[in-house]
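Data block below; observations after.
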Amino acid sequence: MKGGTEAATHGSRFIHHVSRFTFHVLRLTHHVSLITFHESDMGENTFYVTTPIYYVNAKPHIGHAYPTIVADVLTRFHRQRGIDSYFLTGTDEHGINIERAAAARGVPVKEHVDEIVEEFKTAFAPLGLEYDQWIRTTDPIHEAAVAKLWRILDERGHIYKSQYEGWYCGNCNEFKDVDEKTTDPMCPIHERPLERLAEESYFFRLSEFQKPLLEHYEKHPEFLQPDVRRNEVISFVAGGLKDLSISRVSVKWGIPVPGAPDHTMYVWFDALSNYITALGWGSESQAKFERYWPALHLVGKDILRMHAVYWPAFLMGAGIELPRTVYAHGMLLRGGQKMGKTLGNAIDLGVLKRHFTADTIRYFLLREVAFGQDGEVTYEALIDRANSDLADGLGNLASRTLTMVRNYFDGQPPRPARERGDDAEDVENRIAEAKRKFDDEFRQLNFSRALEAAWAGIARIDKFITDNQPWKLAKDPAARAQLEAVLATAYEGLRHVILIVAPFMPVTSREIWKQMGLPDDPLRINPNEAKWGDKLELSKIEHISPAFPKLDKERIMSEISNETAPPASEPPTPENIPAPAPTGATQAVVPASQIITIDDFVKVELRAATVLEAERVPKADKLLRLVVDLGEGQPRQILAGIAEHYSPEDVVGRKIIVVSNLAPRKLRGLESNGMLLAASVGENGRPVLATFGEDVPNGTRLK
Ligand code: MSP
């Protein structure tokens, strides 16, 4: 095993790599290169990139595809430069939410997770993602290694048992810091009520890692990126760290705590460990761990704290080298809000796949949204970019260049000659500059700017062709040499552009490469080793077909809107709110943030009940304490904020509607086991109790 916390070793190794491999980045004094290579014990350079592992309680959507595409592009970039690389993705399959999602469907949890994992893999397949490993937290090898990590932390004195009570969000799988005065705290991310949980728990002594973490952030600016996120984490940690509850007795679907099988491990402890267990850490065969660790972790900014604070603290505690970099990217937005399951507003991967190629989607996401920042994503913008940058940009440059070579040179590409104009020399220089800029930006994970640099190269070649008018030169036999020089320059420029964009667009790059008559595979040629005018064995250009056909915006938009129209029985989604009915009846227009799916609705159990007893709660003007019959045999106590409008006598004997599966909550020291439904009328929100027009037995479910 690689030993020691290795802060010092890690640091010196980083500097060593910068000096050997990324010297040009050092010129950018205030930038750090995020791509540094790990030198394996065999003295070779390796690169390891991870995506978050995805929860299997939601369908895969574009927000999941995003970091996975980035990881794929990074891996291809490195492999193209001869670096032995490893790309890990996978699924996070434990936790209360997954247990609940399976229960809601009425299927065993393992069956549920197996199905969703397949859904993820199928959804990712058309995006051209060549990951090396798909880890599942239900893999036995992972479960065994996580137990080992736990035991090491325990043996080193970092874990103790105590009692935990707090506000918990089942979607984040996290206890939230809530001002104790708040009576109905909501999850700030999911905008849903938090649950009050109290239970015996094992704790990790996170508080003891405040200083070492701050020291690490300080010493290794590349550890947390971008800077804005790094500063956030530093101020969070500087504000003090509380010990972290890392086990649950209330959750059954999880990895049992070694020696305490009534506890399962906190899902983040389990999930974060995947980055090392996938490489065999803690198993018989650690070769991959030795070879590839430490990693570049790509994570959404919503899960930065777990990666920037908890994860390095666990690793330090266990004496394992820390990740090289945790990079927090921004969110893909729709209508200004994060796309995702909670809001039901995510772009569907199935729809995308039907209308756009993998390369178009990959290019669009990485060009349109600055990595590290939030960015709005729409089908319209995707079509516009595909048409302007790909069809009219790269695609057009390729077809016009190749067509002219075929027509004027019988398909045999001319090579750059010494005799050429200043203009051609300028093209060569500008392409070299584009390549340098591309590399600099890419190494800081500024993919959008890297692509911008490549497109500046494309624009320069385009202008060169337009200025030199080869179609006119072709008519003049005396201008043959000039024509040759012009097309050789355009062709050579195109070759270098294809080489740098290939990791983003592997399919079309290979296609264009082949059409150009070039040998080998652009993804296996290091662009930095490719020189202007290299001697090459070229085949004749024969078949030319447009790599990026123009997209018909109107037709695609109308097809998409038909596909995403909701079935009549389901509420409208923000993608397609139906037109008003011809009768003149108007359709309710619900803001995207408030739309829920039918699956969300069925989670809420509404039942008929009768109020058996009612009394005011001392020193609480608004509260009535009710005892209600929900047909369960045993009456329940419910606290309701209606005392200013209903006296106890008003409500005793009334039929009411109760949310019967709410987690218990304590108000004024009394436990409330449900919530009654009331309309909130007028500006003051006067409660009016909901009831039935006819008699309904207690316990009857409302659907
Ligand atoms: N299972 C945890 C991660 C554990 S990693 C040890 C989790 N899963 S998730 O499925 O909810 O989210 C996975 C990743 O997808 C997160 O990084 C999240 O930021 C990302 N995205 C989900 N929706 C997104 C957008 N709308 N935009 C960009 N990324 C988003 O969290």
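Order of listing sets the numbers, starting from 1, for every ligand and every atom in it.
In this structure, Trp311 has no heavy atom closer than 4.0 Å to ligand 1. For Met306, the heavy-atom gap to ligand 1 stays at 4.0 angstrom or more. Assignment of Arg334 to the shell around ligand 1 is not supported, since no heavy atom sits closer than 4.0 Å. For Gly330, the heavy-atom gap to ligand 1 drops under 4.0 angstrom.
Under the 30°/60° scheme for interplanar angles, the aromatic rings of Tyr55 and Trp268 are found to stand perpendicular. Using the six-membered ring where Trp is involved, Phe442 and Phe77 have ring planes that are parallel, under 30° apart on the 30 and 60° scheme. Using a 30° and 60° split on the angle between ring planes, Trp311 and Phe314 fall in the perpendicular class, above 60°. Ring geometry for His329 against Phe371 counts as parallel: the plane angle stays under 30°, on a 0 to 90° scale with 60° as the upper cut. Using a 30° and 60° split on the angle between ring planes, Phe47 and His78 fall in the parallel class, below 30°.
The side chain of His307, and not its backbone, has at least one atom closer than 4.0 Å to an atom of ligand 1 (non-hydrogen atoms only; side chain from C-beta on). Residue Leu332 touches ligand 1 through backbone and side chain together, judged by heavy-atom distances below 4.0 Å.
For the pair Arg324 and Phe223, the NZ or CZ position fails the cation-pi test of under 6.0 Å to the six-membered ring centre and within 45 degrees of the ring normal.
At a 3.5 angstrom cut-off on N or O pairs, Met339 counts as close to ligand 1. Looking at ligand 1, you'll find an N or O of Asp92 within less than 3.5 Å of one of its N or O atoms.
Taking the centre of each ring, Tyr131 and Phe124 stay at or above the 6.0 Å mark. Between His307 and Tyr275, the distance separating the two ring centers is shorter than 6.0 angstrom. Aromatic rings of Tyr202 and Tyr160 (six-membered ring for Trp) have centroids beyond the 6.0 Å cut-off, not under it.
Here the protein heavy atom with the shortest distance to atom 3 (C) of ligand 1 is Ile53 O, 3.2 Å. Of the protein's heavy atoms, Tyr55 CD1, 3.7 Å lies nearest to atom 9 (S) of ligand 1. The protein atom (non-hydrogen) at minimum distance from atom 19 (O) of ligand 1 is Asp302 OD1, 2.6 Å. In terms of protein heavy-atom proximity, atom 16 (C) of ligand 1 is nearest to Ile303 CD1, 3.8 Å. Of the protein's heavy atoms, Tyr275 OH, 3.4 Å lies nearest to atom 6 (C) of ligand 1. With hydrogens left out, the protein atom closest to atom 13 (C) of ligand 1 is Tyr54 CD2, 3.4 Å, a heavy atom. Taking atom 17 (O) of ligand 1 as the reference point, the nearest protein heavy-atom neighbour is Gly300 N, 2.9 Å. If you check which protein heavy atom lies closest to atom 20 (C) of ligand 1, you get Gly63 O, 3.7 Å.
Shown in contact with His329 at under 4.0 Å from a heavy atom are these atoms of ligand 1, numbered in order with element: 28 (C), 29 (N). Distances below 4.0 Å separate heavy atoms of Ala271 from the following atoms of ligand 1: 6 (C). Those atoms of ligand 1 that come under 4.0 Å of a heavy atom in Lys338, given as number and element, are 23 (N), 24 (C), 26 (N).
A salt bridge links Arg76 with Glu130: at least one charged nitrogen is closer than 4.0 Å to a carboxylate oxygen.
With 3.5 Å as the limit, one finds no donor-acceptor pair spanning the side chains of Thr46 and Arg291.
The closest side-chain heavy-atom distance from Asn171 to Asn97 is below 4.5 Å.
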